[in-house]
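Okay, structure first, notes after.
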Number of protein chains: 2
Amino acid sequence: MTSLSKMLNVLNMFGPDSLLLDVDSIADGMELSRATAYRYVKELCESGLLSRVDGQYTLGPRIIELDWMMRRYDPLLSNGREIISELCKTTGLNVYISVFYDGRIINTYINSPDTEAGFSFGRGQPLPLFKGAQSKVLVSYQKGRKLKKLFHEAIENNAEYDFTWKSFSQITRSIRQNGYCITHDELNSGLTGIAAPIIRPDTDDILGSIAAVGGTSSFQLLRHEAVIELVKSAANRIAAKIVSSDSDKSPAA
Amino acid sequence: MTSLSKMLNVLNMFGPDSLLLDVDSIADGMELSRATAYRYVKELCESGLLSRVDGQYTLGPRIIELDWMMRRYDPLLSNGREIISELCKTTGLNVYISVFYDGRIINTYINSPDTEAGFSFGRGQPLPLFKGAQSKVLVSYQKGRKLKKLFHEAIENNAEYDFTWKSFSQITRSIRQNGYCITHDELNSGLTGIAAPIIRPDTDDILGSIAAVGGTSSFQLLRHEAVIELVKSAANRIAAKIVSSDSDKSPAA
DNA sequence: GCAATATTCTCACATTAAGAGAATATAATC
DNA sequence: GATTATATTCTCTTAATGTGAGAATATTGC
């Protein structure tokens with residue numbers, strides 16, 4: 001293990017129960033000498049990833065800043081915000097944007113009908129790989145080899161799931177054919193989700209998924225087919241907007 | 001310069017105009033050999049701070065996850081959300097939470113009367129050190145020695161500002177005496193902001209600031225004194241809630 | 001399946017991280 | 001504002017390990 005990875009591993013010590021650590025506990029936890037722990041922590045502080053708060057250390061402002069940059073220049077968000085908000089208002093449902101990122105499914109945006117809810121707990125929330133409409137759509141639209149690889153590496157031997165390649169590829173194929181996925185009670189009991197892929201029409205790449213999620217009561221008032229069409233349409237409009245904003249920047253491409 | 005800092009500096013290459021870089025440009029930009037650039041990038045990817053996207057590299061999911069953790073366990077946000085939302089609704093103004101972090105002022109939360117706005121561009125936005133109501137409050141409430149140090153290090157010789165220690169300390173003193181700060185057109189022309197400090201009553205530490213911000217038109221409908229009282233009261237209630245939630249966890253302290 | 005490109009490996013060498021404890025800076029207390 | 005306690009950096013030597021160049025190997029795109 002190199003000093004580089006050891007230093008980066010210091011970040012792992014910061015968790016829900018331990019957002020504030022002193023150098024001694026870092027040194028102990030990582031099995032580093034005092035001096036080395038100080039060296040690492042110093043480097044991390046200089047880069048802004050950590051920050052010193054009266055004798056202790058905590059996650060630093062650089063993280064907030066980097067996330068800001070990611071949000072700001074995420075084409076999915078910059079092009080999607082209005083469309084998402086519209087979908088949220090017309091349906092009264094929570095709208096989620098999720099992406100497939102480094103083999104994981106992660107939520108990058110939530111728009112809730114009630115202003116404050118969801119804000120802070122939304123972005124960043126990790127989702128299971130193949131549970132819930134968002135995840136299923138994102139996985140199902142991975143291209144041939146990637147999908148197979150994903151299945152063998154993360155689903156086949158995962159106790160959470162009980163699929164053969166055959167049953168799995170059948171499900172994913174049907175999701176691709178439908179162009180959307182609807183689930184009930186998979187992620188949270190009592191909730192129904194409808195998700196559609198956001199696909200670049202020019203390259204056919206999947207950029208993310210958009211989902212409308214609500215409780216059974218919200219859904220009783222709605223015709224499912226109507227919601228499905230709204231979600232699909234939102235997805236397509238976001239994709240189209242992304243493509244056109246791209247070609248604005250580099251007309252040659 | 002150590003290899004540790006060189007590796008962390010790779011993160012600096014990712015900016016607004018360059019969120020997607022290939023290893024060659026990283027190697028060139030940081031004056032690293034190909035091999036070393038690959039080594040660094042590999043470490044950063046393994047830690048999740050970077051991510052590989054078809055041959056290029058970009059900021060990784062770990063950043064989103066870490067920011068999520070920071071938001072989730074930030075007492076200012078977890079205790080403040082409802083109070084902030086209430087202030088936003090009753091005044092119809094944008095409400096900001098800002099903190100003083102590593103010598104910088106940074107925005108950590110925005111609640112906008114219109115649902116979608118502000119979300120993405122809010123948290124993480126850096127603010128000038130002594131412009132705008134938020135910043136002025138946060139700086140003014142720094143304790144004696146810190147305030148003086150801050151002035152000499154970051155304000156005295158800063159072309160942006162034209163203060164002597166005398167004029168500076170007069171302004172900050174008056175803000176402390178008032179218990180709030182109101183500014184017009186300082187950060188954005190046409191906007192007025194009213195900010196109050198969020199101070200722990202038990203330790204007297206300043207945790208952050210809360211501000212209500214709006215355009216001239218919004219403010220014409222409002223009695224300034226009434227808004228000031230609402231902002232101050234919100235600040236105090238958040239602080240009280242933080243203290244009581246702390247003592248819930250560790251009754252001894 | 002093949003070619004092109006991206007990435008990791010190998011190895012010799014020199015740089016430089018590491019540890020222990022002293023020296024210094026910083027913060028808390030009265 | 002001085003004094004003590006604690007946190008942090010420095011010094012120095014040794015051994016570990018990061019480095020660069022190019023070969024070997026994965027990956028990806030067609």
Side-chain angles (χ1 to χ4, degrees), chain A residues 1-10 13 20-47 50-58 60 100 102-103 142-150 152-153 200 202-206 253, chain B residues 1-10 13 20-47 50-58 60 100 102-103 142-150 152-153 200 202-206 253:
Chain A
M1 177 164 289
T2 77
S3 66
L4 299 168
S5 52
K6 278 188 283 183
M7 178 180 67
L8 290 173
N9 283 337
V10 167
M13 292 214 60
L20 215 56
L21 297 171
D22 56 28
V23 174
D24 286 318
S25 53
I26 292 172
D28 288 354
M30 300 268 95
E31 307 196 10
L32 301 169
S33 74
R34 270 181 105 53
T36 303
Y38 271 111
R39 277 191 266 257
Y40 289 175
V41 157
K42 193 186 174 199
E43 293 291 346
L44 291 166
C45 282
E46 273 167 16
S47 79
L50 291 186
S51 166
R52 223 198 83 122
V53 182
D54 44 57
Q56 313 247 94
Y57 290 84
T58 188
F100 186 85
D102 260 0
Q142 297 303 309
K143 290 183 182 168
R145 10 173 199 284
K146 270 195 187 172
L147 185 64
K148 204 157 195 169
K149 195 176 155 197
L150 194 63
H152 287 116
E153 285 180 0
R200 277 190 82 109
D202 51 348
T203 62
D204 243 41
D205 290 327
I206 180 157
Chain B
M1 177 165 287
T2 77
S3 66
L4 299 168
S5 52
K6 278 187 283 183
M7 178 181 67
L8 290 173
N9 283 338
V10 167
M13 292 214 59
L20 215 56
L21 296 171
D22 57 28
V23 174
D24 285 316
S25 53
I26 292 173
D28 287 356
M30 301 267 92
E31 307 196 9
L32 301 170
S33 75
R34 266 182 109 53
T36 303
Y38 270 111
R39 278 192 265 255
Y40 289 174
V41 157
K42 192 186 174 199
E43 293 292 346
L44 291 166
C45 282
E46 274 167 15
S47 79
L50 291 186
S51 165
R52 222 197 82 123
V53 181
D54 42 57
Q56 313 247 95
Y57 290 85
T58 188
F100 185 85
D102 261 359
Q142 296 303 309
K143 290 183 182 167
R145 11 174 198 281
K146 271 196 186 172
L147 185 63
K148 204 157 195 170
K149 195 176 154 198
L150 194 63
H152 288 116
E153 284 180 0
R200 276 191 83 109
D202 51 348
T203 62
D204 245 39
D205 290 327
I206 179 157

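Proteins get letters first, then strands, A, B, ... in listed order; numbering begins at 1 in each.
- The bend of the helix from C/dG1-D/dC30 to C/dC30-D/dG1, defined by the angle between the axes of its first five and last five pairs, stands at 90° to the nearest 10°.
- In this entry the distance linking CG of B/D22 with C1' of D/dT28 reads 15 Å, nearest Å.
- Using a 4.5 Å cut-off on side-chain heavy atoms (C-beta onward), B/K143 and B/D205 make contact.
- Proximity of A/L21 to A/T58: side-chain heavy atoms (C-beta onward) are nowhere separated by under 4.5 Å.
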What does the B/S/- profile of nucleotides 6-25 of chain D look like, 5' to 3', with a 4.0 Å heavy-atom cutoff to protein? -SBB--------SBB-----

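- Partners of A/K148 under the side-chain contact (heavy atoms from CB on, under 4.5 Å) rule, at least two apart in sequence or in another chain, are A/H152, A/W165.
- Taking B/K149 as the reference, B/E153 meet the side-chain contact (heavy atoms from CB on, under 4.5 Å) condition, with sequence neighbours excluded.
- Separating the CG atom of A/L8 from the P atom of C/dA17 is a distance of 14 Å, rounded to the nearest angstrom.
- Partners of A/A27 by side-chain contact (heavy atoms from CB on, under 4.5 Å), not counting sequence neighbours, listed by chain and number: A/A37.
- The salt bridge (charged side-chain N to carboxylate O under 4.0 Å, His left out) contacts involving residues 26-37 of chain B comprise B/D24-B/R34, where partners must be two or more places apart or lie in separate chains.
- By the 4.5 Å heavy-atom criterion applied to side chains, B/V41 and B/R52 are not counted as neighbours.
- Residues meeting the side-chain hydrogen bond (donor to acceptor under 3.5 Å, both in side chains) test with A/S25, sequence neighbours left out: A/D22.
- Per the geometry, CD belonging to A/E43 stands 13 Å off P belonging to C/dT16, to the nearest Å.
- No side-chain heavy atom of B/E46 sits under 4.5 Å from any side-chain heavy atom of A/L8.
- Put simply, CE on A/M7 is 15 Å from C1' on C/dA18, counting in whole angstrom units.
- Between the NZ atom of B/K143 and the P atom of D/dG1 there is a distance of 18 Å, rounded to whole Å.
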Check nucleotides 2-5 of chain D for protein N or O atoms closer than 3.5 Å to its own N or O atoms and list the pairs.
none

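- In this structure A/S51 satisfies the side-chain hydrogen bond (donor to acceptor under 3.5 Å, both in side chains) test together with B/D102, sequence neighbours excluded.
- Among residues two or more places apart in sequence or in another chain, the side-chain hydrogen bond (donor to acceptor under 3.5 Å, both in side chains) test is passed with A/T36 by A/S33.
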